[in-house]
Amino acid sequence: MGFFLAKDGVNAVLERWRDDYLIYAPVRMAGGGPYSDTDSIQYGQIHRVEEIVYDQKSRYSFKEILLPLSQTLFFFTEDQIKEAEELKKGAIIFLRSCDLHAVKRLDQVYLQNGFEDYYYQRLRKRVKFVLMGCQKAFENCFCVDMQTNIIDTYDASLEENGDGYVMDNHCAEWESLLSKYSLRQLDVRPSHVTETNVHVEIPPGVSIDVAKSKMWDEYDGRCINCGRCNFVCPTCTCFTMQDIFYTDNGKVGERRRVAASCMVDGYTDVAGGGSYRKKNGERMRFKVLHKVYDFKKRFGYHMCVGCGRCDDICPEYISFSHCINKLGSAVKEVDGNDA
Amino acid sequence: MDTNTKLLKKNAFRVTKVRGVTASRVRVPGGHLKAEYLSLLQNIAETYGNGTVHITNRQGFEIPGIAFANMPAVNELLQPIIEGLGINQQESGKGYSAAGTRNVVACVGNRVCPFACYDTTAFAQRIEKAIFPNDLHFKIALTGCPNDCAKVRMHDFGIMGMTEPQYNKDRCVNCGACVKACERKSVGILSEVNYKVERYADKCIGCGECVLACPVGAWTRGEQKLYRLTLLGRSGKKNPRLGEDFIKWVDEDSIIKIILNTYGYVQQYIDPNAPGGKEHIGYIVDRTGFEEFKKWALKDVQLPETAEVYTPVYWKGVKY
């Protein structure tokens, strides 16, 4: 059912939602950018609809809520273990179509990949998603080519429309609340973009042979292996484990899991001092082919959702989409090598 | 020809090699100006000067080749520049009201540079408003960060932007980028403890390299704009010296108050026979001792809690 709500109506709904949920949305963190006097658009808890930033893309994705960058899993003493507390409430996450497509990828990896990840699952089952319709594509978006520009698996949608907001609701338990606080019912179709400035073409003939291409060498020098592309990516799911022994008492501690990046040093370190993929070009190759080749080989669809955040944030102006578009000639190059 | 050279100099003109020919010195506080003023400078240079302009060491312009007789006309043409750049003036249309206190210099600052911790030009303009016009020979420079591209330690007052890094442990993924950046590019005061980062705050110089290096936004900049203030650096004939550290983590208001207090100190202690009424403040401190200077400088200054005053300051004194 679709609804038209005044701003006050939306805020009344948010207030009611907050009884049961923490509400997360992209917000403006004043002074939160890396440079002085710059803001950062990133996920934070909101109380009112005005706090939600619609006109800019968030620097980091919603992923941080489902997969905290640093999460304590349990505490341990010499002979006991105590699981870290679960969130007291569920969560409602405001996100765009590409990001909701990314949720499918996270679910794939954490729930449908052999076994269910306990910590992901216990949070995931209490999360609802509100789609933020996109009226225009941002710089570096290529969702249309990744077929992630449209989605209908949201619990609700919300976007500004004229002097109010329109919401499409899929969640039965919210129906009466929305009826109460809306001005009228109407048919709502969340906005979506049909055209982006950036286009990508993933050539059909990509195979593991493309790893042999010279195209990756360029990134040995250009990339600084900072991992920003991974940390902002809504589909990167890698983590590492840390067992911490408290400095005051080395016999007790906690286990954390912490986001990891395949671009950052240490990711491929193994016992005995070995390390694979030492060169940044090799790391770039691994990441790019994971996003647009081997994930699909395993699960049937591409991992990359085309949000373009990796391009937005790269301090060395390395473009992921540009790299994808070089795969075509790389495929020909390695085919030629074989001949 | 009868010209009062004292007044000519005070009016920001220069006595040059060529008799009867002067140069106009245009101040640009903070070294940043609207491009439209360049065409006004061009017009002055081509109408009354020799068609050239010198970009000065202190980020002003010097328009040479002006006949003494044309100084009033040049002052008229300078008026929109003086007004546009917000220079305090005693009488409109009469050019600059003083030249002793020099143009306030600034690096490009955070209008452009990623390292800068603040808007250097804006602060320079604020200082200019507070101190100009004044005949005393004060040199002030601002730089955005501890890289000190503006070489502020060569000036009487060196103002260096600092950022107090804020650490959000929950966002840290222990990638090591900040620790490496601090070690390689700065003072090496970050260390990894239990897969998180600890900062030895006493030794932090507030360069912000950790914030710039952090890929996840675990490090952010402190809300407050804070600075390092260095004192009484100079080059020149006698006793060249780099500015000494005076206060770390000090705020804008305190800096301005300290500078204004120093004008009082100089008026009190300047050598009454100083050539041209000009004496480097450092030489005065050589005579009075640093503690006397400090007493004047900090009078009625309400330093913020963050401020760390260097005590003692080892004032190196006269070498030759």
Side-chain angles (χ1 to χ4, degrees), chain A residues 29-44 58-61 63-64 67-72 224-233 236 238-248 250 253-267 310 313-315, chain B residues 108-123 144-145 161-181 184 191-198 206-227:
Chain A
M29 275 185 57
Y35 311 129
S36 61
D37 297 334
T38 59
D39 301 339
S40 176
I41 310 299
Q42 58 191 73
Y43 271 79
S58 68
R59 197 154 63 108
Y60 300 100
S61 82
K63 176 179 76 175
E64 300 169 358
L67 294 168
L69 286 162
S70 176
Q71 180 182 22
T72 299
I224 58 169
N225 62 59
C226 66
R228 282 175 175 80
C229 48
N230 295 125
F231 296 123
V232 300
C233 177
C236 273
C238 287
F239 61 80
T240 187
M241 285 293 194
Q242 300 171 346
D243 283 347
I244 285 95
F245 300 87
Y246 299 141
T247 47
D248 284 357
E254 64 183 65
R255 173 168 290 183
R256 294 183 200 136
R257 78 171 169 199
V258 173
S261 155
C262 57
M263 302 301 296
V264 169
D265 287 348
Y267 184 85
C310 47
I313 202 163
C314 180
Chain B
V108 74
N110 82 356
R111 295 183 184 185
V112 176
C113 179
F115 295 100
C117 302
Y118 66 106
D119 184 344
T120 51
T121 300
F123 191 11
C145 76
M162 298 177 83
T163 196
E164 190 176 18
Q166 310 291 309
Y167 183 55
N168 180 349
K169 230 175 189 174
D170 292 338
R171 289 191 71 83
C172 178
V173 298
N174 189 44
C175 71
C178 56
V179 179
K180 260 184 236 162
R184 291 177 188 169
S191 54
E192 184 198 314
V193 177
N194 261 344
Y195 303 104
K196 297 289 180 190
V197 179
E198 285 192 359
C207 62
E209 290 285 358
C210 49
V211 181
L212 293 169
C214 183
V216 290
W219 288 107
T220 50
R221 289 171 188 272
E223 233 173 81
Q224 240 184 319
K225 291 276 192 287
L226 295 169
Y227 306 85

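In what follows, chains are A, B, ... by sequence order, proteins preceding strands, each numbered from 1.
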Requested in this report: Can you tell which part of B:C175 gets under 4.5 Å to a heavy atom of chain A, answering side chain, backbone, both or neither?
Outcome: both
**Report entry** Heavy-atom contact with chain B under 4.5 Å, split by part of A:E64
**Finding:** side chain
Report summary line: Okay, B:C214 and chain A: the region with an atom under 4.5 Å from a heavy atom over there is backbone
Report summary line: So, the part of B:N194 with a heavy atom under 4.5 Å from chain A: the answer is both
Report task. Please report the closest heavy-atom contact between A:D265 and B:K180, naming both atoms and the distance. Result -> OD2-NZ, 3.5 Å
Query raised in the report: Where does A:T72 contact chain B at under 4.5 Å (heavy atoms): side chain, backbone, both or neither?
Result: neither
Query - Greatest number of heavy atom pairs closer than 4.5 Å to chain A - which of B:N174, B:T163, B:D170 - result: B:D170
Requested in this report: Identify the heavy atoms of A:Y60 and B:P215 that sit nearest to each other, and give their distance.
Outcome: OH-O, 3.0 Å
Report task. Grab the two heavy atoms, one from B:R221 and one from A:Y35, that are nearest each other, plus how far apart they are. Result -> NE-C, 3.5 Å
Report summary line: Smallest heavy-atom separation, B:K225 atom then A:D37 atom, equals NZ-OD1, 2.6 Å
Report summary line: Only one of B:K169, B:K196, B:R171 passes side-chain hydrogen bond (donor to acceptor under 3.5 Å, both in side chains) with A:S70, and that residue is B:K196
Report task. Examine whether an atom of A:D243 lies under 4.5 Å from a heavy atom of chain B, and if so say whether it belongs to the side chain, the backbone or both; otherwise answer neither. Result -> backbone
**Report entry** Beyond-backbone contact of B:Y195 with A:V258, side-chain heavy atoms, under 4.5 angstrom
**Finding:** no
Query raised in the report: With side chains defined as the heavy atoms from C-beta onward, is the minimum distance between A:S36 and B:Y118 less than 4.5 Å?
Result: no
Query - Proximity breakdown for A:F239 and chain B, heavy-atom pairs closer than 4.5 Å - result: neither
Query raised in the report: Rounded to the nearest 0.5 Å, what separation is found between the OG1 atom of A:T247 and the CD atom of B:E198?
Result: 7.5 Å
Query raised in the report: With a 4.5 angstrom heavy-atom cut-off, which part of B:A218 approaches chain A: side chain, backbone, both or neither?
Result: neither
